Number of protein chains: 2
Amino acid sequence: MTSVKSGSKQDTRIGAKPAVNGAHKAAIRQENEEQILAAAEQVFADYGFKGATTARIAEIANVPKANVHYYFSTKEALYRRIMEDVCDHWLEAAMTFDNSADPAVILRGYIEAKMDLSRARPYGSRLWAHEIIRGAKFSSDYISTTVKNWLDSRVVVIRGWIDEGKMDDIEPYSLMYMIFATTQHYADFGRQIEIFNNDKPLSEEQFAEAKENVVKIILKGVGLN
Amino acid sequence: MTSVKSGSKQDTRIGAKPAVNGAHKAAIRQENEEQILAAAEQVFADYGFKGATTARIAEIANVPKANVHYYFSTKEALYRRIMEDVCDHWLEAAMTFDNSADPAVILRGYIEAKMDLSRARPYGSRLWAHEIIRGAKFSSDYISTTVKNWLDSRVVVIRGWIDEGKMDDIEPYSLMYMIFATTQHYADFGRQIEIFNNDKPLSEEQFAEAKENVVKIILKGVGLN
DNA sequence: ATTTATCTTGACCGTTTGGTCAGGTTAAAA
DNA sequence: TTTTAACCTGACCAAACGGTCAAGATAAAT
């Protein structure tokens, strides 16, 4: 980790100065923000908004607490910023649920995308879980607009499939909730699964098998293929 | 609510005194403990162990904060006590998953029992979610013994069904995780579902339909019936 | 009627919390 | 080289935190 950041001692390395147009300062800012954001995502995911402390975030980010407040005015501002990131990633996965292909292909793709997201960014999933469990105090607007609009449009697509006789007559909301629940479970309850798995995280093979099983049960369960 | 509890003023009601053998004192203790436990379950479910405050618990239980500490020595003792209750209720639902009947009947019964528990005691489910998300710091022993033993024994039962050709060859752990996830989702993410449902909690009819859909998808998904 | 055991609670304590700030360092611009 | 703008942080603060306690109130036992 050859940090761009210089310590409190003067940096005398050759080439440590100019670059172009204040690139050094910009790099410092970017690196510090990233470190703080990553630490905050983890701490908020572990303890929720109320339970998380700025001191712990600073400790994990490896910066003094005052520096956290230099980059993010308040704990709430930091939390909101991370929620935005989480939502952006969720939207990305949502985009894989288009309506341009075979229902089975689309559902498989969406389930796999969500499970991969669960594995790649478990902290984001857990943060979302905290947020909803607590009553969605910061994100009810986002859910009742962006997410709900997306969900409702997918429900229409699914109802279309049902009307065309491509799948069983299943209430689409129930199906979508099931997909949400199952895919996020592998992140949110990852610790529990780990304990059941003899205190070892799921290997890549185990996770791939789990993914395939989830796809298989759901697709067959709604009469696809 | 004709409280047994007398205020700070003297209680001069006829019949307010003896009962039998200190029954009044016992009733006071029971009522206060119940009120505190109910309040604590809610507050811990909302904020997790770290985020919850004894002041908030006292406020909701409608007793002075010092009284909370009179009945439960520490915040942690109170938390552990509630976790025990939650585990007891989980065990009750687990018992419905016996191995004495038809696989479809057993699975249906277990799924319905877990969903009913989700609806009847959403706070317990959310508290469990907090506990696991944070890393099961208080309950990893319980999970790695009681819960794991139960789960492993159910996995054996399911493998038996598969060997007998009664259902598809599905990894039993994947199936059980799916049931855990989906049934608990209706409690843990109840707020999200409520928002999707036009800001109204699911009615009894809606919930019954959801339950039936979950059962239908999973049973068909694993090739039962 | 008196004693004893339990219940009640305002006031308090040491610690942790989110947040501030003055005074310093460093890098870029002039 | 000097100036300026951005970055850094130890020390600090008021509020909130978990927990304690002495003194009083109430109910059961004697």
Side-chain angles (χ1 to χ4, degrees), chain A residues 3-36 40 43-44 47-59 61-80, chain B residues 3-36 40 43-44 47-59 61-80:
Chain A
S3 175
V4 178
K5 192 168 125 199
S6 53
S8 52
K9 295 161 249 165
Q10 192 173 6
D11 192 341
T12 53
R13 287 175 301 170
I14 296 171
K17 282 207 270 176
V20 270
N21 207 357
H24 192 187
K25 275 265 157 83
I28 288 176
R29 170 168 281 269
Q30 194 190 336
E31 175 170 326
N32 280 335
E33 281 187 355
E34 275 170 12
Q35 255 174 289
I36 293 167
V43 176
F44 282 133
Y47 299 106
F49 176 73
K50 268 211 75 182
T53 68
T54 55
R56 179 93 180 118
I57 291 169
E59 185 190 338
N62 213 26
V63 298
K65 189 174 64 124
N67 216 348
V68 172
H69 283 95
Y70 175 73
Y71 284 101
F72 301 93
S73 55
T74 64
K75 184 184 173 184
E76 183 175 327
L78 180 52
Y79 183 82
R80 286 183 183 279
Chain B
S3 175
V4 179
K5 192 169 124 198
S6 53
S8 52
K9 294 161 249 161
Q10 191 176 7
D11 192 343
T12 55
R13 287 175 302 169
I14 295 168
K17 281 206 269 175
V20 269
N21 206 357
H24 191 186
K25 274 266 155 82
I28 287 176
R29 171 167 279 271
Q30 194 189 335
E31 176 170 324
N32 280 337
E33 280 188 355
E34 275 171 11
Q35 256 174 289
I36 292 167
V43 175
F44 282 132
Y47 299 106
F49 176 73
K50 266 212 75 181
T53 67
T54 55
R56 178 92 179 117
I57 292 169
E59 186 190 338
N62 213 27
V63 298
K65 189 176 63 130
N67 215 348
V68 171
H69 283 95
Y70 174 73
Y71 284 101
F72 301 93
S73 54
T74 64
K75 183 184 171 184
E76 183 175 326
L78 181 51
Y79 183 82
R80 286 184 183 279

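If you're wondering where the values come from, they're calculated on a predicted model, not measured in any experiment. Only heavy atoms go into these numbers, but all of them, side chains included; no hydrogens, no water, no symmetry mates. Per chain, numbering begins at 1; letters A, B, ... match sequence-line order.
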Task: Spacing of B:F72 atom CZ relative to D:dT20 atom P, expressed in whole Å - done: 16 Å
Open item on the list: Could you tell me how far apart A:E59 (CD) and D:dT9 (P) are, to the nearest whole angstrom?
Closed with: 15 Å
Open item on the list: Classify the ring geometry of B:F49 against B:Y79: parallel below 30°, tilted from 30° to 60°, perpendicular beyond 60°.
Closed with: perpendicular
If you restrict it to nitrogen or oxygen atoms, what contacts under 3.5 Å exist between nucleotides 4-7 of chain D and the protein, and what is each distance?
from: D:dC7; atom 1: OP1; to: A:R29; atom 2: NE; distance (Å): 2.8
from: D:dC7; atom 1: OP2; to: A:R29; atom 2: NH2; distance (Å): 2.7
from: D:dC7; atom 1: OP2; to: A:Y70; atom 2: OH; distance (Å): 2.5
from: D:dC7; atom 1: O5'; to: A:Y70; atom 2: OH; distance (Å): 3.2

Open item on the list: Counting C-beta onward and ignoring hydrogens, is there a side-chain heavy-atom pair between A:R56 and A:E59 closer than 4.5 Å?
Closed with: yes
Open item on the list: I need the A:Q30 CD to A:E34 CD distance, nearest 0.5 Å.
Closed with: 4.5 Å
TODO: Check for a donor-acceptor pair, side chain of B:K75 on one end and backbone N or O of B:A52 on the other, with a separation under 3.5 Å.
DONE: yes
Task: Value rounded to 0.5 Å, distance of CG in B:N32 from OH in B:Y71 - done: 4.0 Å
TODO: Output the distance between atom CG (B:L78) and atom CD1 (B:I57), rounded to the nearest 0.5 Å.
DONE: 5.0 Å
- [ ] Mark up nucleotides 13-23 of chain C, 5' to 3', with B wherever a protein heavy atom is under 4.0 angstrom from a base atom, S wherever such an atom reaches only the sugar-phosphate, and - elsewhere.
- [x] ----SBBBB--
Task: Distance, nearest 0.5 Å, that separates CD1 of B:I36 from OH of B:Y70 - done: 11.0 Å
Task: For A:Y47, all residues meeting ring pair (Phe, Tyr, Trp, His ring centres under 6.0 Å), sequence neighbours excluded - done: none
